[in-house]
Protein chains: 2
Amino acid sequence: MERVRVGLKDVARLAGVSVKTVSNVVNGYVHVTPATRTRVEAAIKELDYRPNLSARNLRQGRTGIIALAVPELDIPYFAELARLVVARAEERGLTVLIDQTGASKEREQLVAEGFRAHLIDGLILSPLALTPEDLAARMDNTPMVLLGERVYEGPADHVVVDNVAAARKATLHLAALGRRRIAAIGAQDDAAAESSRLRLAGYRQALREAGLPADDRLVVPVRDYHRADGAHAMARLLDSGQTPDAVFCFNDLLALGALRTLLERGHSVPGEVALVGFDDIEDGRYATPTLTTISPDKQAIAGLAVDLLADRMAKRVVQGSRVEAREIRVPYRLVIRESTSG
Amino acid sequence: MERVRVGLKDVARLAGVSVKTVSNVVNGYVHVTPATRTRVEAAIKELDYRPNLSARNLRQGRTGIIALAVPELDIPYFAELARLVVARAEERGLTVLIDQTGASKEREQLVAEGFRAHLIDGLILSPLALTPEDLAARMDNTPMVLLGERVYEGPADHVVVDNVAAARKATLHLAALGRRRIAAIGAQDDAAAESSRLRLAGYRQALREAGLPADDRLVVPVRDYHRADGAHAMARLLDSGQTPDAVFCFNDLLALGALRTLLERGHSVPGEVALVGFDDIEDGRYATPTLTTISPDKQAIAGLAVDLLADRMAKRVVQGSRVEAREIRVPYRLVIRESTSG
DNA sequence: ATGAAAGCGCTAACAG
DNA sequence: CTGTTAGCGCTTTCAT
């Protein structure tokens, strides 16, 4: 038994009205007699009619779909963000489609250049490999909101956390504990690695303020921001003989990896080495010791990203794309847990 | 400066050919003179033409979009699955849109009943709250693939792991270590909680085989499968005076929560209490001690789900929806780590 | 308050 | 190998 394709026309016929009237009912217009409305609604239910979105989209020139482009969905920070973005979008009647860039410059560029043109109305992008120049040179004019530090002056909104200030705060916390040899894990050579650069700056600034010497042997570069990178970085640091008494890791995954290496080798945390991360992912709250970390307001990040994007999408319809780029700073907190206070 | 809406017609005019020819080029048809092709391609680049997907979809009756419905994106198991599904779908030219059901029956039903009708061509659903009856009563006939144990005989494919056998294997592993008081964390009252029911069955079967008494005080129910639930369940177990010498947790998050509680209270793992989880999420590989777990082949789950779905979508076009429901069993392994072998 | 008809951009017959 | 044309299902003037 094959379900029949049912359209507005069929509903109209059954209800004995015109297509326009059915459309009005479906779209909740006001000027419809209650009687007519009831009749139409009955017909809709009877036929199990569902509007064809493709047709509606074609007609209206929009789809109600936005894309969220993140490096990878199973990086907890982005998974948490994605959950919040999807939830907020839903509240606003928007559907979210996910693009995974793998932090590859090519994929990020593809996404930014709108390879989903005509399918999405807007884009939330977490650029990792794209340089400010790349972004400034963007041709596509689909509304876009960028997540992460501001790196670009084009007509795109940014939702940012003050990475320098947050990294400084994390490092000062370690210094205040009396730690003198504070290492940093998470430096990246890559020119595009904005947040790495900024967190490093905050770390160095804090050392200066605390009157501690900046020892480059305590700054460990990583390839990626995964647990494995943190574990390897920590191992390299220990192997080099540069045992620190504290480590600021540029994200929680690095910190969890580093923690693993430390415990594996019999170092006590925070006894011998104190540890701070960045992101406040749930893992850190259940690690042993629990992880001190910088906690950005993810709810705000996701909510604002969707709101800004929706606003820009609306504006675009009315007045082209001539809207000032806005930058919104989101609050963060230092959450002190056992890895610095056990 | 407003970008002009450019369509096939414009490209055709510029290239001096008909729309059909442009369409042929765009869709990579064979019968096009190289010369013509080049000319058309030049025009496309010149105008920065992008096909309007809504129009194409409307015409073809499909969208190339599939939905992945999971309880929540930041549950690591589902995040890992989502990453793999999105990646595999992309390989097949499909776009994935995410629905978060929050394991709510209402939301799951909405998704299964096709509230995205005409927007998606197919659906991959991980049902948590839906009962077999709910699913059997499904009206919508969008192709669907179910993830998890088979609970339903309708025309939907299933990608499953043998929960009973896997749980049995995990429990037998603990018994083989000489543990006698093996607890289980993760029972659920909910009638819809298939995998909980099955894992519990496997656990009990293993106890019987190992000649161990089944003590219901060692079976701890939970509300959800999050870290917090595991932590609380373990606390309740310890508080009840029923200290076990091993615990089989029905997923890794429960195990990580339980681990936290054990360490917090000074119990050694695996010394006093050995621990096994289920899912093999990355967290478990970096916990201290690292977590022994059942590792389902997630790559296979995601890949097969997409493949089965794509196959069913193709078949539907050809021959309606008359295809046997298929059930595919995916392999799993017991991965022994420190939490049972330290 | 409702109806009639045009057309969004594309693909697929059907011609040639 | 390429051109012409008819809709896909919907919203939206413009009438009534």
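- Considering only side-chain N and O atoms, A:N24 lies nowhere under 4.0 angstrom from the phosphate OP1 or OP2 of C:dT2.
- For A:N57 and A:S54, the side-chain atoms include no donor-acceptor pair closer than 3.5 Å.
- Here the straight-line distance linking atom CG of B:L8 with atom OH of B:Y49 works out to 3.5 Å at 0.5 Å rounding.
- Atoms CG and NZ, from B:L147 and B:K298 in turn, are 12.5 Å apart once rounded to the nearest 0.5 Å.
- Rounded to whole Å, atom P of C:dG3 lies 16 Å from atom NZ of A:K9.
- To the nearest angstrom, C1' of C:dT11 lies 13 Å from CG of B:N52.
- For the pair B:R62 CZ and C:dC10 C1', the interatomic distance rounds to 13 Å; values are reported in whole Å.
- The main-chain N or O of A:V6 is never found under 3.5 Å from a side-chain atom of A:R50 such that the two would form a donor-acceptor pair.
- At the heavy-atom level, B:N57 lies nowhere under 4.0 Å from the strands shown.
- When the side-chain nitrogen and oxygen atoms of B:S23 are compared with OP1 and OP2 of C:dT11, one or more of them lie within a distance under 4.0 Å.
- Atom CZ in A:R37 sits about 13 Å away from atom C1' in C:dT2, given to the nearest Å.
- Take the nearest nucleotide of DNA chain D for B:S18 and for B:L58: the residue whose nucleotide is more 5' is B:S18.
- Comment: B:E327 engages B:R329 in a salt bridge, judged by a side-chain N to carboxylate O separation of less than 4.0 angstrom.
- In this structure, the side chains of A:R56 and A:V26 come closer than 4.5 Å at one or more pairs of heavy atoms.
- For A:T36 and C:dT2, the shortest distance from a side-chain N or O to OP1 or OP2 is below 4.0 Å.
- Rounded to an integer number of Å, the gap from A:R13 CZ to C:dG3 P is 14 Å.
- Atom NZ in B:K20 sits about 12 Å away from atom C1' in C:dA15, given to the nearest Å.
- Dense packing is recorded around CD of B:E91, with more than 12 heavy atoms of other residues, nucleotides or ligands lying under 6.0 Å away.
- For the pair A:T21 and C:dT2, the criterion of a side-chain N or O lying under 4.0 Å from OP1 or OP2 is not met.
- Each of B:G16 and A:N27 was assigned the nucleotide of DNA chain D with the nearest heavy atom; the assignment lying further toward the 5' end belongs to B:G16.
- A straight line from CZ of A:R39 to C1' of C:dT2 spans 11 Å, rounded to a whole angstrom.
- Chain B approaches DNA chain D over the interval D:dC1 to D:dG9, counting the first and last nucleotide 5' to 3' with an atom under 4.0 Å from its heavy atoms.
- The CG atom of B:D10 sits 10 Å away from the C1' atom of C:dG9 (whole-angstrom rounding).
- Within the nucleic acid shown, B:S54 has no heavy atom closer than 4.0 Å to any nucleic acid atom.
- Residue B:V32 is classed as a sugar-phosphate contact, given heavy-atom separations below 4.0 Å to backbone atoms only.
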